[in-house]
Amino acid sequence: MTDTAALMPRRREVHPDPYYTDYKTSITRSPYLPLLSMESTPSEETGPRFGHNMLGALDNNLISNYTQGKALAVGERIRVHGRVLDEMGRPVPHTLVEIWQANAGGRYRHIKDTYFAPLDPNFGGCGRTITDENGYYEFMTIRPGAYPWPNRANDWRPMHIHFSIFGHAFGQRLISQMYFQGDPLIDLCPIAATVRDRSQLDRLVAPLDMQNSRGMDYLAYKFDIVLRGRRQTMFENKPEGM
């Protein structure tokens with residue numbers, strides 16, 4: 001890292017509230033003691049790193065990757081695409097992007113998901129890809145269904161896709177969610193409500209992208225992911241950042 005520009009302070013006010021009483025499990029999971037800044041290790045700062053040679057041909061196609069192309073998942077076909085950028089709008093190339101989601105009925109392929117919507121035998125619900133030189137990524141998948149969750153009497157999660165973005169090492173990881181334009185459940189969801197700044201919440205909503213949709217095949221949604229980039233946070237235990 002040779003960039004000597006001033007570090008950009010972290011804007012903690014735009015992060016979700018860790019303690020939010022309408023989101024019941026945040027009461028027990030949110031920190032109640034002062035946070036500690038821990039020293040990072042060389043493995044967290046420099047590697048290992050995921051490479052293109054570890055990708056399979058269908059890794060970014062959730063419609064067919066679970067069966068390796070032998071059968072297709074059930075549901076509305078969609079294309080999710082966008083770019084990973086730093087805060088100055090520069091592309092972040094060769095970055096591992098992973099997603100996971102519920103199937104078209106709103107059920108995850110997970111032993112603890114007890115929602116009685118059926119599992120799709122042809123859908124695993126996870127995929128991965130690496131951004132190209134321009135920071136671009138894309139996935140083909142099925143629009144996930146909404147699902148109820150045991151929070152209050154009748155809470156439902158909006159349709160969403162989970163995203164994981166890795167940096168130059170596995171210790172550098174960010175996790176977020178992507179929602180869909182026009183979903184009325186976004187405004188009713190206690191988890192989405194932890195993002196108090198509406199403009200920040202709107203950045204998690206992917207707009208419909210008809211220009212990149214394909215007739216009689218799929219709709220497209222564009223979801224750009226903006227990272228902090230090289231002008232990063234000042235860490236108290238590392239004045240030069242990490």
Side-chain angles (χ1 to χ4, degrees), residues 1-17 40 44-47 49-52 55 59-60 78-101 127-141 158 160-183 186 192 194-214 218-236 238-242:
M1 188 72 71
T2 60
D3 192 290
T4 58
L7 299 176
M8 185 176 291
R10 184 186 299 274
R11 294 182 57 199
R12 296 189 181 277
E13 75 277 5
V14 302
H15 288 271
D17 292 339
S40 58
E44 291 171 323
E45 297 178 14
T46 61
R49 191 173 186 184
F50 194 91
H52 283 86
L55 286 174
D59 279 8
N60 70 333
I78 61 172
R79 175 186 176 192
V80 177
H81 71 111
R83 298 175 72 199
V84 179
L85 307 167
D86 69 16
E87 80 276 14
M88 303 305 292
R90 297 171 296 197
V92 182
H94 314 309
T95 296
L96 175 63
V97 181
E98 296 178 321
I99 65 171
W100 65 98
Q101 63 171 88
R128 61 188 180 183
T129 191
I130 290 182
T131 58
D132 67 12
E133 294 290 339
N134 297 311
Y136 181 79
Y137 75 90
E138 70 172 283
F139 292 94
M140 287 297 301
T141 188
H160 63 280
I161 297 176
H162 298 268
F163 274 76
S164 168
I165 304 96
F166 281 101
H168 295 290
F170 285 139
Q172 301 171 354
R173 187 187 188 197
L174 296 175
I175 298 176
S176 189
Q177 296 184 26
M178 185 201 90
Y179 300 104
F180 291 83
Q181 177 184 357
D183 189 341
I186 296 173
T194 63
V195 184
R196 299 298 188 92
D197 186 326
R198 184 68 200 204
S199 67
Q200 294 292 329
L201 179 58
D202 288 343
R203 294 180 193 179
L204 299 179
V205 180
L208 181 64
D209 180 9
M210 291 302 296
Q211 182 177 352
N212 286 290
S213 300
R214 177 177 293 176
Y218 59 76
L219 291 174
Y221 290 85
K222 191 172 188 295
F223 187 57
D224 288 337
I225 301 166
V226 181
L227 310 179
R228 296 190 58 78
R230 298 166 70 188
R231 298 183 64 197
Q232 55 192 309
T233 302
M234 172 72 75
F235 293 92
E236 292 181 0
K238 281 184 171 286
E240 73 279 12
M242 186 176 95

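We're numbering straight along the sequence, starting at 1.
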Run the numbers on Thr129 and Glu138 for side-chain contact (heavy atoms from CB on, under 4.5 Å), then give the verdict.
CA-CA 8 Å; Thr129 191; Glu138 70 172 283; over 6 Å; no
For a side-chain contact (heavy atoms from CB on, under 4.5 Å) check, start with the C-alpha distance between Asn212 and His81, then their side-chain angles and the critical distance, and finish with the verdict.
CA-CA 9 Å; Asn212 286 290; His81 71 111; 3.7 Å; yes
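Put simply, CG on Leu219 and CD1 on Ile78 are 8.5 Å apart, with the number rounded to the nearest 0.5 Å. Distance check, rounded to the nearest 0.5 Å: CZ of Arg198 to CZ of Arg203 gives 13.0 Å. For the atom pair Thr95 OG1 and Ile225 CD1, the distance stands at 9.5 Å (nearest 0.5 Å). Expressed to the nearest 0.5 Å, how far CE of Met178 lies from NE2 of His162 amounts to 11.5 Å. With rounding to the nearest 0.5 Å, the separation of CG in Asp197 from CG in Asp202 is 9.0 Å. The structure places NE2 of His160 at 11.5 Å from CG of Leu204, a figure rounded to the nearest 0.5 Å.
Remark: the Arg83 side chain and the Thr131 side chain contain no N/O donor-acceptor pair separated by less than 3.5 Å.
Two residues are said to be in side-chain contact when any heavy atoms from C-beta on lie closer than 4.5 Å; Ser164 and Arg173 meet this criterion. Taking the side chain as every heavy atom from C-beta outward, Phe163 and Val80 approach each other to under 4.5 Å. With a 4.5 Å cut-off on side-chain heavy atoms, Leu96 and Arg128 count as touching.
Scanning for side chain to side chain donor-acceptor pair (under 3.5 Å) contacts around Tyr221 gives Arg143, with sequence neighbours left out.
Ser213 approaches Ala220 most closely through the heavy-atom pair OG-N, 2.8 Å. Among all heavy-atom pairs drawn from Val97 and Phe139, the shortest one is O-CZ, 3.6 Å. Nearest heavy atoms, Gln177 versus Phe223: O-CZ, 4.0 Å. When all heavy atoms of Tyr218 and Met140 are compared, the closest pair comes out as CD2-CE, 3.6 Å. Scanning both residues, Gly89 and Leu85, for their nearest heavy atoms gives O-CD2, 3.9 Å. Scanning both residues, Glu98 and Phe166, for their nearest heavy atoms gives OE1-CE1, 3.5 Å.
Listed for the Asn134 side chain is no donor-acceptor partner under 3.5 Å among the backbone atoms of Tyr136. Gln181 contributes a side-chain N or O that, together with a main-chain N or O of Leu208, makes up a donor-acceptor pair within less than 3.5 Å.
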